[in-house]
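Let me give you the structure first, and then I'll get to my questions.
Order of the sequence lines fixes the chain letters, A, B, ..., with proteins taken first and strands second; residue numbering starts at 1 for each chain.
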Number of protein chains: 2
Amino acid sequence: MVSIKDVAKKAKVSISTVSNALNGRANVSEETRQRIIDIANDMNYYPNTMARNLKVKKTKTIAFCFSQFDRNFYFQIIKGINDCVINHGYDLIICAHHSIEKFLRNGFVDGALVNDKNVSDELILSTASKDLPIVLLDRELKGQHIYPVVVNNYLAMEQLVKELIMKGYKKFSYVSGIESTQDNIERFEGMRDTLRDHNITFLQKHYYHGDFTEISGYQAARLMMISKDIPEVVICANDDMAIGVVKAFKEMGINIPEDVSVVGFDDIELSSILEPHITTISVPKYEWGIYAATILFRVLDGERHVVPNKIIAQTKWRQTTR
Amino acid sequence: MVSIKDVAKKAKVSISTVSNALNGRANVSEETRQRIIDIANDMNYYPNTMARNLKVKKTKTIAFCFSQFDRNFYFQIIKGINDCVINHGYDLIICAHHSIEKFLRNGFVDGALVNDKNVSDELILSTASKDLPIVLLDRELKGQHIYPVVVNNYLAMEQLVKELIMKGYKKFSYVSGIESTQDNIERFEGMRDTLRDHNITFLQKHYYHGDFTEISGYQAARLMMISKDIPEVVICANDDMAIGVVKAFKEMGINIPEDVSVVGFDDIELSSILEPHITTISVPKYEWGIYAATILFRVLDGERHVVPNKIIAQTKWRQTTR
DNA sequence: TTGTATGCGTTATCAC
DNA sequence: GTGATAACGCATACAA
């Protein structure tokens, strides 16, 4: 590996002159600069990133901690983050949670975004610092140098339910995701509270327990059938379950949306590919990524009191509702 | 950021003793070792990765160059790579092509995998070295310290066509991908040669020009219709186009597979979701990732003359063929 | 305009 | 068993 020393030797100057020339500083004559640049190119010289980082304490690199490579919901988010990072002249590295200690704990990166449930709250709390602000996409955690950028589930659900009520729907059922997750809780409460505000009480028996998987939605729909409790509209905590619900109803000869309507959440790719196209709440994934990265850069640029907004999601009306 | 110096000071020993203790070397008494470890934990000390790398010239990190975050075909591959890298006690960073110079050129990583058409052949040729072997997933490039791990398109196509012929198919059409791509060429030649070997000449007029997109497949099928040239089977250079072909035929009231059969390549998720499920050549993506990373580690472990095999893909017979 | 010297945090060599 | 010290490649304050 050719180092600054090799270039200096070949150019018959000192290493500092090489450094100055290559870093565009004023204190070097134009002709020596050009000569040094040519020689450096010639020798295929690239400054050693680690040695430089060790010195300057800025890496111009952002880490994105992520390991759920099997859920393609996230890839538009990555794209947004990547684009934003590049635009700011930084580089992005994506690393799984195993690598956090290695990459985050010691100035390897200037900031991080985390979207990985495998990373514990404690790890985040103990890692975030003035030198390493962290933006969270998968949870709302309070703490110094920590900036959650999450979807406003409650508001999106509120607006959806309001519109459904306006369309005349009165009998709602809900298929939950994993109970303990914040997403599920907020989505459910958004529905329940909005119904209450419109004098519709949501009965516990219309709450079906799912776990965000298609099969759990499928089973919930069959359960509705067995208990002869088909509502006017089934609201699912995500699209996967909505797909399962639709599948079950279709198999049982129940027409959608004539006999029952179905709504999902997330707007995954499949929801507008499968027939019928599913009405769902669309999370603007690309923009989410952009915004999350933007927040990080505002912090890195020294802005005080950065308070992120929540991401606004909106209903996409499609074929599973009237 | 707490450094080894801080730990040494607190433990009232020299930094070398701290280093020795923490790195499990023999020349330090068990009690001082334990005391130092405790203090280090206590102070939340983590060795600075960059300083260490600068010294030892091994980073235990692998880079995967990739930027096509909008094609979910690749994510199973990433998962395979990631799993393999973790298993070897290394860490994986994924970086876009913009960052190659920064991360690959100067000992930031011990090896790299590249699956990014944006990275030029020249860049790869000039970057690969004894200190940085590179495994290629997206092209077959010959060169020192370069190891292509690609799919055996030709063989897969040969086997597919043989079976189709055995099933009685005689009239074949081909919808091409982008002409210049190696994938397209190999897939086409695999078909053409196999037909020839079975005394079936493939006429140029049955070659339809596509570009790997769904719409180009759709248009090719309409063109077949207009020219009244519906074959017994349409072989597409990838699944996206096969999906387009199927869509067009369905719209035109042509029955699949009764009137015409359709075959794709890749086995993307959609091919077994949309109705009818598409017969296609399945690329074992996860295993591909595992194998590519394995090749890299064999090189890193000092094995001489590593010669990668090609990835074997196999036909998945589904509903679009008889 | 150019060169010398120092230090970033670590590991390794070699005294003690 | 322990501690100075050099070196990794670079940037920079300061001397020339």
Mind checking if B:N27 touches a base, just sugar-phosphate, or nothing, with heavy atoms under 4.0 Å?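 Base contact.
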Using a 4.0 Å heavy-atom cut-off, does B:N23 contact any base of the nucleic acid, only the sugar-phosphate backbone, or nothing at all?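 Sugar-phosphate contact only.
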When you measure from the side-chain N and O atoms of B:K5 to the phosphate of C:dT10, is any distance below 4.0 Å, counting only OP1 and OP2?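 No, no such contact exists.
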Considering just the side-chain nitrogens and oxygens of A:K55, establish if one lies under 4.0 Å of OP1 or OP2 belonging to C:dG9.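 Negative; the distance criterion is not met.
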Any salt bridge linking A:K310 with A:E140? Criterion: basic side-chain nitrogen under 4.0 Å from a carboxylate oxygen.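 The answer is yes: the pair qualifies as a salt bridge.
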Could you tell me whether A:S19 contacts a base, only the sugar-phosphate backbone, or nothing, with contacts defined as non-hydrogen atoms closer than 4.0 Å?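 Base, at least one base heavy atom under 4.0 Å.
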OP1 or OP2 of D:dC10 under 4.0 Å from side-chain N/O of A:Y45: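 For A:Y45, the contact criterion (side-chain N or O under 4.0 Å from OP1 or OP2 of D:dC10) is met.
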Heavy atoms only, 4.0 Å cut-off, all strands: where does A:S16 land among base, sugar-phosphate and nothing?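 Base contact - A:S16 has a heavy atom under 4.0 Å of at least one base atom.
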With a cut-off of less than 4.0 Å, is there a side-chain N or O of A:R25 near OP1 or OP2 of D:dT12?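 Indeed, a polar side-chain atom of A:R25 lies that close.
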Rounding to a whole Å, what distance do you find between B:R52:CZ and C:dC8:P?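 These atoms are roughly 19 Å apart.
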Would you say D:dT2 has OP1 or OP2 under 4.0 Å from some side-chain N or O of B:T17?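 No, because none of the side-chain N or O atoms of B:T17 sits under 4.0 Å from OP1 or OP2 of D:dT2.
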Atom of B:F103, atom of A:I93 and distance for their closest heavy-atom approach: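 That would be CZ-CG2, 3.4 Å.
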Expressed as a whole number of angstroms, how long is the span from B:K58:NZ to C:dT11:C1'?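 Rounding to the nearest Å, NZ of B:K58 and C1' of C:dT11 are 16 Å apart.
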Sugar-phosphate only, base, or nothing, as touched by B:S29 at under 4.0 Å among non-hydrogen atoms: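 It contacts sugar-phosphate atoms only.
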Does the ring centre of B:F75 sit less than 6.0 Å away from the ring centre of A:F69?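 No, the ring centres sit 6.0 Å or more apart.
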Would you indicate what A:R33 reaches in the nucleic acid, counting non-hydrogen atoms under 4.0 angstrom: base, sugar-phosphate, or nothing?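 Nothing, no heavy atom under 4.0 Å.
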Check the distance between D:dC10's P and B:L54's CG and give it to me in whole angstrom.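 From B:L54 CG to D:dC10 P: 9 Å.
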